[in-house]
Amino acid sequence: PTGEEMDELLARATECSVHSYLDQLWQGYLTTRHGHRLGICGQFSQGETRLLRGLSSVNIRVARQVHGLAKELPLWKEPSFQNTLILAPPGAGKTTLLREMCRELSLRFRVALADERYEIAACAGGEPRFNVGLCDVLSAGNKGETIPMLLRSMSPQILAMDEITRAEDCESLLECAGCGCSLL
């Protein structure tokens with residue numbers, strides 16, 4: 001695509017409000033209000049203000065919901081939920097599976113969801129764009145901040161999150177496990 005086409009894509013994805021997404025863009029992605037995610041490459045400049053100039057490539061990941069995806073998992077046969085880690089290569093459907101597990105589990109347990117990048121529930125204006133059942137959703141904060149908040153305020157039996165990537169995330173998970181809350 002041409003530079004002009006890339007600029008138009010960014011304008012459409014941000015609903016002509018690029019400045020509202022600068023924190024995400026600086027991390028190399030943008031999640032639209034419908035939960036689709038754009039990985040981006042380009043030229044970043046850092047000074048008094050961080051700027052994104054000249055997109056060079058975009059990876060568009062279309063979010064979707066697949067009801068029934070988690071029905072056959074053995075975890076449904078247990079009276080309580082066992083800690084579960086989903087591992088698979090990029091693009092294999094980990095987030096889609098997580099979303100469906102949250103929806104199903106929330107019918108039997110109190111589930112709190114730390115949706116750091118708006119990918120799982122894709123909340124906009126407090127309303128999830130995807131059906132995550134009866135989950136309590138806290139969006140946009142990093143897991144190191146949101147996990148303790150969810151533990152203190154929502155009393156979850158299961159705490160769900162996507163993409164454990166930082167040491168701070170792991171520390172929060174250890175704190176959570178010490179509180180008797182199961183992890184997904």
Side-chain angles (χ1 to χ4, degrees), residues 21 23-24 27 29-39 60-184:
Y21 291 86
D23 285 340
Q24 287 184 39
Q27 295 177 56
Y29 73 92
L30 170 120
T31 305
T32 70
R33 67 184 179 111
H34 297 289
H36 309 303
R37 185 165 169 180
L38 284 69
I60 301 173
R61 297 176 68 179
V62 178
R64 61 191 185 117
Q65 185 139 27
V66 181
H67 290 286
L69 183 64
K71 277 285 190 204
E72 299 303 317
L73 294 175
L75 57 97
W76 306 122
K77 295 170 180 49
E78 299 289 328
S80 62
F81 180 76
Q82 300 298 311
N83 293 327
T84 302
L85 178 64
I86 302 169
L87 296 170
K94 296 179 296 292
T95 301
T96 304
L97 177 60
L98 175 64
R99 183 180 301 120
E100 183 62 6
M101 290 176 73
C102 287
R103 187 183 74 80
E104 289 283 341
L105 288 166
S106 75
L107 302 175
R108 294 179 27 209
F109 302 99
R110 286 185 315 277
V111 179
L113 174 58
D115 195 3
E116 184 173 1
R117 296 177 184 95
Y118 295 98
E119 288 184 279
I120 306 163
C123 286
E127 293 289 323
R129 300 286 178 173
F130 290 108
N131 181 356
V132 290
L134 304 172
C135 289
D136 297 311
V137 181
L138 187 53
S139 302
N142 71 57
K143 287 182 257 331
E145 296 169 337
T146 58
I147 289 172
M149 288 173 67
L150 287 167
L151 282 172
R152 285 191 301 266
S153 62
M154 304 314 293
S155 183
Q157 293 170 296
I158 300 171
L159 186 63
M161 72 227 54
D162 204 2
E163 299 181 11
I164 307 305
T165 57
R166 297 178 297 225
E168 182 181 283
D169 298 345
C170 295
E171 290 171 19
S172 295
L173 294 179
L174 288 172
E175 178 183 336
C176 185
C179 294
C181 183
S182 295
L183 302 169
L184 171 59

Worksheet item: Are side-chain heavy atoms of Cys176 and Leu151 found at a separation under 4.5 Å?
Response: yes
Item to complete: State, yes or no, whether a side-chain contact exists between Ile86 and Leu184 at a heavy-atom distance under 4.5 Å.
Response: yes
Fill in: Heavy-atom closest contact (Gly144 atom, Ser172 atom, distance)
CA-OG, 3.3 Å
Discussion item. Show the nearest heavy-atom pair for residues Cys135 and Leu113, with the distance to one decimal.
Written reply: CB-CB, 4.5 Å
Worksheet item: Going from CG on Leu159 to OG on Ser182, what distance comes out if it is rounded to the nearest 0.5 angstrom?
Response: 10.0 Å
Worksheet item: So, does Asp115 use its side chain to make a donor-acceptor pair with the main chain of Val137 at under 3.5 Å?
Response: no
Practice prompt. Return the minimal non-hydrogen interatomic distance between Phe81 and Leu183, and the atom names on each side.
Written response: CE2-O, 3.6 Å
Worksheet item: Do Thr95 and Ile120 have side chains that get closer than 4.5 Å, going by heavy atoms?
Response: yes
Discussion item. Please find the pair of heavy atoms, one from Ala140 and one from Tyr118, that lie closest to each other, and give the distance.
Written reply: CB-OH, 3.2 Å
Item to complete: Compare all side-chain heavy atoms of Glu175 with those of Ile147 and state whether any distance is below 4.5 angstrom.
Response: no
Worksheet item: Tell me, do Asp162 and Arg117 make a side-chain contact under 4.5 Å, heavy atoms counted?
Response: no
Worksheet item: Under 3.5 Å, side chain of Thr146 to main-chain N/O of Ala114, donor-acceptor pair present?
Response: no
Practice prompt. Report the C-alpha separation of Lys71 and Glu104 in whole Å, then their side-chain angles, then the decisive distance to 0.1 Å, and conclude whether the salt bridge (charged side-chain N to carboxylate O under 4.0 Å, His left out) test is met.
Written response: CA-CA 8 Å; Lys71 277 285 190 204; Glu104 289 283 341; 3.2 Å; yes
Fill in: Closest heavy-atom pair and its distance - Cys170, Ile164
SG-CG2, 3.9 Å
Response to the item:
Value for CG (Asp136) from SG (Cys102), rounded to nearest 0.5 Å, stands at 11.0 Å
Item to complete: Identify the heavy atoms of Met101 and Leu73 that sit nearest to each other, and give their distance.
Response: SD-CD1, 4.0 Å
Worksheet item: Roughly how far, to the nearest 0.5 Å, is CG of Asp169 from CE of Met161?
Response: 8.5 Å
Discussion item. I need the Leu174 CG to Cys179 SG distance, nearest 0.5 Å.
Written reply: 11.0 Å
Worksheet item: Is Met154 close to Leu138 at the side-chain level, that is, under 4.5 Å between some pair of heavy atoms?
Response: no
Worksheet entry | Gln157 and Arg108, any side-chain heavy atoms less than 4.5 Å apart | no
Worksheet item: Can you tell me how far the CG atom of Leu173 sits from the CD atom of Glu168, to the nearest 0.5 Å?
Response: 11.0 Å
Worksheet item: So, the side chain of Thr84 versus the backbone of Gln82: is there a donor-acceptor pair under 3.5 Å, distance only?
Response: yes
Worksheet, complete the sentence: From the list Arg37, His36, Arg99, side chain to side chain donor-acceptor pair (under 3.5 Å) with Glu119 holds only for Arg37
Fill in: Lys94 (side chain) donor-acceptor with Glu163 (main chain) under 3.5 angstrom
no
Worksheet entry | Over 12 foreign heavy atoms within 6.0 Å of CZ, Arg64 | no
Fill in: Arg129 side chain vs Ala124 backbone, donor-acceptor pair below 3.5 Å
no
